[in-house]
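Contents: one structure, followed by commentary.
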Amino acid sequence: MAYFNNSHGTEKGRLSEQIITYDMLMYNRNNFRDVYADKPKGVTRKEYAAAHPVEVNEAYYRYQSAKAKRYLRLFNDQNRAGQTEHLEATHMRDKAIHMHHIFPEASYPEICYYLENIIALTPTQHLNYAHPNEHTQEIDEQHQHLPLLSKADRIHENLTDVTAEKIYEFSNFLFVLNVGFDNDDVLEIANMDFCSVINAINVHYAA
């Protein structure tokens with residue numbers, strides 16, 4: 001309520017000193033960047049997780065994920081007229097009412113609440129393309145690749161539009177790719193170097 005009314009809210013039971021911003025809502029959580037900070041390069045995410053288990057509160061992450069989806073849909077409705085974030089000529093008139101995890105929530109809980117990992121799709125794009133034959137536990141890699149490129153475009157648009165409310169962070173997108181690809185090299189991409197991001201995405205799916 002405080003965020004959407006651009007006002008002060010509550011913080012630790014008291015009136016907040018500052019106006020509530022989106023990052024205050026979304027990022028009050030365990031920071032997996034800290035968990036992975038000591039991971040040696042060349043050690044996979046799964047190997048490191050097996051040796052350094054972290055207790056994941058599934059209910060908490062489901063809540064954060066649902067909150068992020070609600071926020072993205074509201075933002076997309078208000079700022080992009082509800083248009084799909086994955087632009088396809090045959091779906092430009094359809095409303096994007098499905099919020100889809102590019103890297104599945106069940107497999108990647110540490111990035112399930114990142115807006116950089118969620119894309120607004122039409123029902124057809126979501127249930128027929130992203131999840132083949134509406135099997136929501138399955139991911140079509142081709143339709144993971146293409147929406148990820150589209151998400152990169154939407155993030156670039158948001159961060160370079162001087163009039164837009166900034167809802168993304170470039171470093172967050174790199175972390176999403178780092179976790180999703182299990183590739184530490186993407187963390188070395190320079191700030192706002194979207195050309196290198198696109199190249200890294202294409203190289204990953206060409207492998």
Side-chain angles (χ1 to χ4, degrees), residues 12 22-72 99-119 126 130-132 135-152 154-156 159 167-207:
K12 297 181 180 178
Y22 180 72
D23 62 313
M24 293 178 184
L25 300 179
M26 292 307 300
Y27 298 113
N28 182 22
R29 51 172 165 67
N30 292 331
N31 191 339
F32 268 88
R33 292 186 216 202
D34 293 339
V35 173
Y36 293 149
D38 295 326
K39 183 177 77 66
K41 193 168 183 178
V43 175
T44 69
R45 165 181 164 269
K46 289 184 178 179
E47 290 171 345
Y48 189 79
H52 303 81
V54 176
E55 185 176 344
V56 174
N57 184 331
E58 293 184 5
Y60 175 76
Y61 284 101
R62 282 196 302 270
Y63 167 74
Q64 293 287 9
S65 172
K67 185 163 67 171
K69 285 183 173 183
R70 288 194 302 271
Y71 178 78
L72 181 61
M99 304 300 112
H100 167 66
H101 283 102
I102 300 170
F103 297 106
E105 178 178 356
S107 301
Y108 303 91
E110 60 267 58
I111 54 173
C112 70
Y113 36 71
Y114 279 75
L115 294 177
E116 295 81 2
N117 183 40
I118 303 172
I119 187 166
H126 187 210
H131 299 294
H135 294 159
T136 56
Q137 300 305 311
E138 298 179 17
I139 292 289
D140 185 317
E141 280 217 346
Q142 175 69 5
H143 286 283
Q144 187 180 62
H145 179 192
L146 298 179
L148 191 54
L149 291 174
S150 292
K151 192 67 190 186
R154 304 293 79 75
I155 293 170
H156 180 264
L159 293 179
I167 66 168
Y168 300 114
E169 292 182 27
F170 187 79
S171 61
N172 285 348
F173 192 39
L174 294 186
F175 182 65
V176 165
L177 295 176
N178 166 237
V179 173
F181 293 166
D182 206 353
N183 179 358
D184 294 332
D185 290 342
V186 296
L187 295 176
E188 299 175 7
I189 294 175
N191 187 45
M192 294 298 288
D193 184 356
F194 279 91
C195 288
S196 292
V197 164
I198 297 302
N199 183 62
I201 293 171
N202 287 332
V203 165
H204 175 80
Y205 289 98

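Computation of the quantities below employed the complete heavy-atom set of this structure, encompassing side-chain atoms and omitting hydrogens, waters and symmetry-equivalent molecules. Everything numeric in this text was worked out from a predicted model, so none of it was measured. Position 1 is the first residue of the sequence, and the numbers go up from there.
- A donor-acceptor pair under 3.5 Å links the side-chain atoms of Asp182 to the main chain of Arg45, judged by distance alone.
- Judged purely by atom type and a 3.5 angstrom limit, Asn178 uses its side chain to pair as donor or acceptor with the backbone of Asn183.
- At a threshold of 4.5 Å between non-hydrogen side-chain atoms, the residues Val197 and Leu174 count as touching.
- Side-chain contact between Ile118 and Lys69 is present, with at least one heavy-atom pair separated by less than 4.5 Å.
- Contact of the Val186 side chain with the Phe173 side chain is not registered, since no non-hydrogen atoms from C-beta on lie closer than 4.5 Å.
- Between Lys67 and Tyr63, the closest side-chain pair of non-hydrogen atoms falls below 4.5 Å.
- The two atoms that bring Phe170 and Leu159 nearest to each other are N-CD1, 3.9 Å, heavy atoms only.
- Side chains of Asn202 and Leu149 form a contact here, defined as non-hydrogen atoms less than 4.5 Å apart.
- Heavy-atom minimum distance, Ala68 versus Leu115: O-CD2, 3.5 Å.
- Asn117 contributes atom CG, which lies 10.5 Å from atom CZ of Phe175 (distance to the nearest 0.5 angstrom).
- Contact check for Ser107 versus His101: no side-chain heavy atoms found under the 4.5 Å cut-off.
- Using a 4.5 Å cut-off on side-chain heavy atoms (C-beta onward), Tyr108 and Cys112 make no contact.
- From Met192, atom CE reaches atom NE2 of His156 across 5.5 Å, with rounding to the nearest 0.5 Å.
- Remark: the backbone N or O of Tyr168 is not paired with any side-chain donor or acceptor of Glu116 at under 3.5 angstrom.
- Note: Glu105 CD to Glu58 CD = 9.5 Å, rounded to the nearest 0.5 Å.
- Remark: Gln144 CD to His204 NE2 distance equals 6.5 Å, nearest 0.5 Å.
- Taking all atoms of both residues into account, the shortest heavy-atom contact from Ala50 to Pro53 is O-CD, 3.9 Å.
- Atom OG of Ser171 sits about 7.5 Å away from atom CG of Asn191, to the nearest 0.5 Å.
- The minimum heavy-atom distance between Gly180 and Ile111, with the atom names listed, is N-CD1, 4.4 Å.
- Nearest heavy-atom pair, Pro40 versus Asp184, reported as atom, atom and distance to 0.1 Å: O-OD2, 4.2 Å.
- Tyr205 and His145 have parallel rings, their planes meeting at less than 30° on a 0 to 90° scale where 60° marks the start of perpendicular.
- Annotation for Ile198 and Ala152: closest pair CD1-CB, 3.8 Å, computed over non-hydrogen atoms.
- Aromatic ring pairs are classed by plane angle as parallel below 30°, tilted from 30° to 60° and perpendicular above 60°; the pair Tyr36 and Phe32 is tilted.
- Within the model, atoms NZ of Lys39 and OH of Tyr48 stand 8.5 Å from one another, a figure rounded to the nearest 0.5 Å.
- Put simply, the side chain of Phe103 does not reach to within 4.5 Å of the side chain of Val179, judged on heavy atoms.
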